[in-house]
Amino acid sequence: MDERYDPKKVEPRWQKYWEEHDTFRAGSDDREKFYCLEMFPYPSGRIHMGHVRNYAIGDVIARYKRMKGYNVLHPMGWDSFGMPAENAAIKHGVHPSKWTYENIDYMKTQLKRLGLSYDWSREVATCNPSYYRWNQWFFIKMLEKGLAYRKSSYVNWCPSCETVLANEQVIDTRCWRCDNVVVQKELFQWFLKITHYAEELLKGCGELTGWPEKVVVMQKNWIGKSHGVEVDFRVDGMDEVIRIFTTRPDTLFGATFICLSPPHPVSRKLVADKAALEKVTAQYGKVDEKIGLFTGHYCINPMTKEKIPVYVANFVLMEYGTGAIMSVPAHDQRDFDFAQEYGLPVRVVIAPEGAAHGQPPLQEAYEEAGFLVDSGEFTGMQSGEAKEKIIEYIEQNGLGKKVVNYKLRDWGISRQRYWGTPIPVVYCEKCGIVPVRESDLPVILPEDVKFTGTGGSPLLVAESFLKTSCPACGADARRETDTMDTFVDSSWYFIAYCMGLDHLSFTEGAAVPELKYWMPVNQYIGGVEHAVLHLLYSRFFTRVIRDLGLTAVNEPFTNLLTQGMVIRDGAKMSKSKGNVVDPDYLIEKYGADTSRLFSLFAAPPEKDLEWSDKGVEGAFRFLSRIWNLSSKFSKEIGGVSSSVDGAEVSPAGRGLLRKTHQTIRKVTNDIGRELHFNTAIAALMELANEMNAFAPGDEKDFAVFRFALESMLLMLAPFTPHLAEELWEGIGCSDACVSQEKWPVWDEELAKDEETELVIQVNGKMRGKLMVAAGLPEERLKETALGDAKIIEAIAGKQIRKVIVVQGRLVNIVAG
RNA sequence: GCCGAAGUGGCGGAAUUGGCAGACGCACUAGAUUCAGGUUCUAGCGGUGGAAACGCUGUGGGGGUUCGAGUCCCCCCUUCGGCACCA
């Protein structure tokens with residue numbers, strides 16, 4: 001073994017060993033399984049520090065669970081459809097396929113250099129036809145079940161990406177990918193009916209006990225359930241009814257006007273001035289400005305029988321509720337603002353308790369609950385009671401009904417781009433929209449197309465792709481040219497891993513044994529940016545797959561860890577800021593083990609990690625110390641057994657033995673229970689410090705040292721596997737590699753302190769410390785404390801009122 | 001505006017059930033090794049007063065509960081994240 005720690009000599013050797021020995025290949029057996037998964041990367045070209053951190057976390061868990069005796073599935077793959085590949089094609093003339101596979105090749109070598117314990121035999125790439133054919137199959141099944149459909153609607157259009165975006169993919173009016181402002185455009189699009197599962201997805205949130213609370217809250221808010229009532233307002237002098245939705249039936253008496261969404265069918269019927277309607281419609285979906293247009297018509301408020309004007313307003317959403325609202329300016333700030341702008345009456349119908357009658361005009365809307373005023377027979381009721389009674393009245397009089405609404409919309413999956421899964425339908429003049437036959441799947445994305453960057457998707461002019469025959473009647477037909485949102489690909493890849501790309505196959509109604517064994521994912525790790533996007537889609541897909549009879553699992557991810565970002569100088573690493581740390585450079589300079597160790601040590605996984613070059617050096621220094629430590633007594637511990645009887649060892653040896661058992665206990669709990677790798681590593685550093693200071697005297701001491709060293713290497717194995725392997729072999733434990741060893745166990749007896757430090761307080765202030773034998777009874781502790789010279793002095797002249805004793809820790813004397 | 005999380009040394013961060021605040025690491029200081037720099041080793045390291053022993057003070061701010069509060073309760077401030085015309 002070399003004098004100095006040189007990771008470049010160590011790491012490739014063990015990477016080769018693991019690969020040759022198939023060390024991390026997983027197969028079903030009768031052990032308890034553990035499925036550990038990190039979010040797969042987009043093959044952008046090279047990995048970044050965020051990946052290193054994400055995969056280091058996952059790898060520690062996978063390796064730890066393996067050593068704990070679980071049958072661990074730890075796969076990796078590529079989210080390999082998407083726009084960057086297509087943009088590269090447009091810009092540099094490389095085919096997206098070539099670009100993508102070259103990136104995958106390079107990134108795979110990078111991941112291998114990190115020593116991650118993946119079962120590469122299960123690798124998937126979503127751009128592989130063997131993979132995306134099942135996207136198409138799921139789509140067809142959903143089409144059959146009415147869960148996929150096509151409709152025209154206003155959709156989010158990103159002018160820069162030249163494609164449509166789902167609601168989840170618009171972040172603060174901007175495109176999630178390119179950050180450009182999104183506009184509304186009316187288009188025919190394919191949708192997946194995620195709303196069919198709205199209630200179940202909401203209820204399922206209750207099962208997500210292993211998820212961060214904030215992610216569950218975000219999912220709930222996104223689904224956005226609300227209870228309310230739909231009420232019909234008759235248009236005066238016309239045979240027309242406007243149905244509105246409200247969550248505040250208690251304010252019905254205060255409705256002084258009606259607002260319609262611009263795309264609402266009734267808007268067109270009521271407004272004579274089409275040009276004016278066009279103007280309002282143009283502003284539909286814009287957040288900055290509220291504008292309205294009086295239709296010239298009135299509705300009858302069903303409660304007050306008053307005539308109230310009908311407006312078309314740009315801020316009323318067609319997609320939510322009924323596309324029409326009643327406006328109650330006294331009790332809704334938006335309506336209040338609108339009423340001020342257009343000179344509409346404000347009628348107070350809710351008053352806070354004890355409010356005097358005949359209040360001055362409102363300065364702002366009163367949105368709280370309260371007591372009803374000027375509300376006919378409901379006057380005097382509390383809001384909550386009034387809601388129920390008014391709903392009852394509405395239902396009994398045939399004016400409307402109680403309803404539940406969700407903010408969640410169906411998932412628009414059509415993308416007007418090339419590099420994605422072709423949507424497997426054809427358009428036939430005679431038969432309309434016809435799905436491709438299952439036996440004809442996959443619909444292959446044609447390779448031979450031109451990337452001009454203008455005029456939309458290259459598929460629009462790919463004649464050989466476009467032209468086909470109708471699966472139903474055989475006549476000439478045209479293929480759908482839209483491809484699927486790449487979030488479809490990632491919504492079930494964790495299911496694909498259970499089978500591997502070569503064995504992917506589903507038959508409706510036939511449960512898949514591999515899914516039964518491996519699903520659900522026990523531990524999922526990834527960035528919080530997918531809190532609603534990918535995680536919601538995956539929960540949806542898992543239910544669809546369940547309802548196809550392929551699995552019994554409802555929730556795909558039992559435990560979720562959302563790791564923080566890697567930042568530098570307080571900001572996210574980015575090329576433009578010039579603060580990027582390159583993993584290749586880091587591995588070259590310090591090795592994979594140091595890179596992994598620092599990523600895990602510098603912060604708990606869920607928090608942001610501030611990068612520190614000096615900190616990396618500290619991690620390297622620690623590993624060098626371990627390296628030196630293992631050869632320090634190599635002769636003396638060479639033939640020694642590490643099993644020791646604590647009773648026969650010198651006091652110093654007993655100390656190290658105790659520390660070792662305590663460290664095993666702490667590291668096991670920190671990893672196993674809390675996923676607190678930073679404190680686990682700190683504990684290993686403490687043990688290393690004690691080992692360094694340890695001066696063995698006799699053979700028994702060397703046995704203790706050997707035990708400490710072996711335990712250290714076993715516990716380091718999940719964090720810094722190459723170093724652990726090398727040293728494990730070096731001290732002659734070479735029959736099995738350390739990655740396949742058993743995790744060490746501690747002995748509670750040997751971990752017990754013989755002495756503890758007793759803190760003595762007087763009136764809550766620390767006045768003395770004493771070493772006392774562990775396990776002394778309370779009385780003895782009290783006597784000891786009261787007998788201490790310093791304490792006698794501190795309480796001199798005072799009367800002892802009370803003495804509080806905390807077993808083995810502290811005595812507090814209350815005196816005055 | 002609404003919802004959520006977090007505020008601890010110069011920095012990253014530790015602290016079962018309320019029980020020694022600052023583990024571990026980084027930076028820094030002093031000493032040893034070295035021609036020197038780096039490395040490595042030893043020691044120190046919240047603030048403040050003191051030569052020292054030791055004292056006082058200290059976990060964003062203010063109140064409270066308690067023998068005892070970083071931890072529990074109330075109010076406030078700041079930062080970060082999410083949602084935001086959802087009627």
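Lettering of chains follows the sequences in order, A, B, ..., and the numbering in each one begins at 1.
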Using atom [atom1] in both nucleotides, what's the gap between [N] and [M] to the nearest angstrom?
{"N": "B:rG47", "M": "B:rG37", "atom1": "P", "result": "28 Å"}
{"N": "B:rG7", "M": "B:rG61", "atom1": "C1'", "result": "12 Å"}
{"N": "B:rA15", "M": "B:rU8", "atom1": "C1'", "result": "10 Å"}
{"N": "B:rG10", "M": "B:rG46", "atom1": "P", "result": "10 Å"}
{"N": "B:rC11", "M": "B:rU57", "atom1": "P", "result": "24 Å"}
{"N": "B:rG63", "M": "B:rG82", "atom1": "C1'", "result": "32 Å"}
{"N": "B:rC54", "M": "B:rU59", "atom1": "C1'", "result": "24 Å"}
{"N": "B:rG18", "M": "B:rG12", "atom1": "C1'", "result": "27 Å"}

Using a heavy-atom cut-off of under 4.0 Å over every strand shown, decide if [X] touches base, sugar-phosphate, or nothing.
{"X": "A:Met766", "result": "nothing"}
{"X": "A:Lys614", "result": "sugar-phosphate"}
{"X": "A:Arg673", "result": "nothing"}
{"X": "A:Arg801", "result": "nothing"}
{"X": "A:Lys765", "result": "sugar-phosphate"}
{"X": "A:Asn405", "result": "nothing"}
{"X": "A:Gly224", "result": "nothing"}
{"X": "A:Ser327", "result": "nothing"}
{"X": "A:Gln761", "result": "base"}
{"X": "A:Asn689", "result": "sugar-phosphate"}
{"X": "A:Glu617", "result": "nothing"}
{"X": "A:Lys290", "result": "base"}
{"X": "A:Asn678", "result": "sugar-phosphate"}
{"X": "A:Val316", "result": "base"}

Taking 4.0 Å as the cut-off, does a side-chain nitrogen or oxygen of [X] come that near to OP1 or OP2 on [N]?
{"X": "A:Arg621", "N": "B:rC26", "result": "yes"}
{"X": "A:Arg767", "N": "B:rC67", "result": "no"}
{"X": "A:Ser612", "N": "B:rA27", "result": "no"}

Which whole-number value in Å describes the distance from [X] [atom1] to [N] [atom2]?
{"X": "A:Ile223", "N": "B:rC83", "atom1": "CD1", "atom2": "P", "answer": "14 Å"}
{"X": "A:Gln563", "N": "B:rG81", "atom1": "CD", "atom2": "P", "answer": "17 Å"}
{"X": "A:Glu610", "N": "B:rA27", "atom1": "CD", "atom2": "P", "answer": "15 Å"}
{"X": "A:Phe336", "N": "B:rG1", "atom1": "CZ", "atom2": "P", "answer": "18 Å"}
{"X": "A:Leu609", "N": "B:rC26", "atom1": "CG", "atom2": "P", "answer": "15 Å"}
{"X": "A:Ile760", "N": "B:rC67", "atom1": "CD1", "atom2": "C1'", "answer": "16 Å"}
{"X": "A:Leu600", "N": "B:rG25", "atom1": "CG", "atom2": "P", "answer": "17 Å"}
{"X": "A:Phe257", "N": "B:rA87", "atom1": "CZ", "atom2": "P", "answer": "17 Å"}

For this session: Please indicate whether A:Lys214 has more than 12 foreign heavy atoms, meaning atoms of other residues, nucleotides or ligands, lying under 6.0 Å from its NZ.
Result: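 Count not over threshold, so no.
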
Tell me the partner of [N], counting only Watson-Crick (N1-N3 plus N6-O4 or O6-N4) or G-U wobble (N1-O2 and O6-N3) with both under 3.5 Å; none if nothing fits.
{"N": "B:rG81", "answer": "B:rC3"}
{"N": "B:rC54", "answer": "B:rG49"}
{"N": "B:rU16", "answer": "none"}
{"N": "B:rU40", "answer": "B:rA32"}
{"N": "B:rC11", "answer": "B:rG25"}

Short side-chain to backbone donor-acceptor contact, [X] and [Y], under 3.5 Å:
{"X": "A:Arg248", "Y": "A:Glu367", "answer": "yes"}
{"X": "A:Thr322", "Y": "A:Arg243", "answer": "yes"}
{"X": "A:Gln662", "Y": "A:Ala751", "answer": "yes"}

Exercise. Can you find an N or O donor on one side and an acceptor on the other, under 3.5 Å apart, linking the side chain of A:Glu757 with the base of B:rC20?
Worked result: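 Flag set: donor-acceptor pair detected.
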
Exercise. Is there a donor N/O on one and an acceptor N/O on the other, under 3.5 Å, for the side chain of A:Lys769 and the base of B:rC20?
Worked result: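 Result: at least one qualifying N/O pair found.
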
Exercise. Taking the nucleotide of RNA chain B with the closest heavy atom to each, which residue, A:Lys666 or A:Asn692, is nearer the 5' end?
Worked result: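 Result of the comparison: A:Lys666.
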
Exercise. Between A:Asn812 and A:Val170, which is nearer to the 5' end of RNA chain B once each is assigned its nearest nucleotide?
Worked result: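 Here A:Asn812 is the residue nearer the 5' end.
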
Exercise. Can B:rG44 be described as syn, meaning its chi torsion is within 90° of 0, or is it anti?
Worked result: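 It is anti.
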
Problem set entry | Passing candidate, side-chain contact (heavy atoms from CB on, under 4.5 Å) with A:Leu260, options A:Val316, A:Ile325, A:Ile242 |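 Going through the options one by one, the only one that passes is A:Ile242.
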
Exercise. Any chance the side chains of A:Glu199 and A:Tyr406 put a donor and an acceptor closer than 3.5 Å?
Worked result: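 The criterion, which ignores hydrogens and geometry beyond distance, is satisfied for A:Tyr406 and A:Glu199.
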
Exercise. Can you find a side-chain donor-acceptor pair between A:Asn405 and A:Ser226 that sits under 3.5 Å?
Worked result: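 The criterion, which ignores hydrogens and geometry beyond distance, is not satisfied for A:Ser226 and A:Asn405.
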
Problem set entry | Residue A:Asp332, side-chain heavy atoms: nucleotide from B:rC24, B:rA87, B:rC67 that is nearest |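 The nucleotide sitting nearest to the side chain is B:rA87.
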
For this session: Would you mind checking if A:Lys659 and A:Asp753 are paired as a salt bridge, meaning a charged N to carboxylate O distance below 4.0 Å?
Result: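 Salt bridge between A:Asp753 and A:Lys659, a charged N being under 4.0 Å from a carboxylate O: no.
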
For this session: Measure the CE-CG distance between A:Met712 and A:Leu687 for me, rounded to the nearest 0.5 Å.
Result: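 Answer rounded to 0.5 Å: 4.0 Å.
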
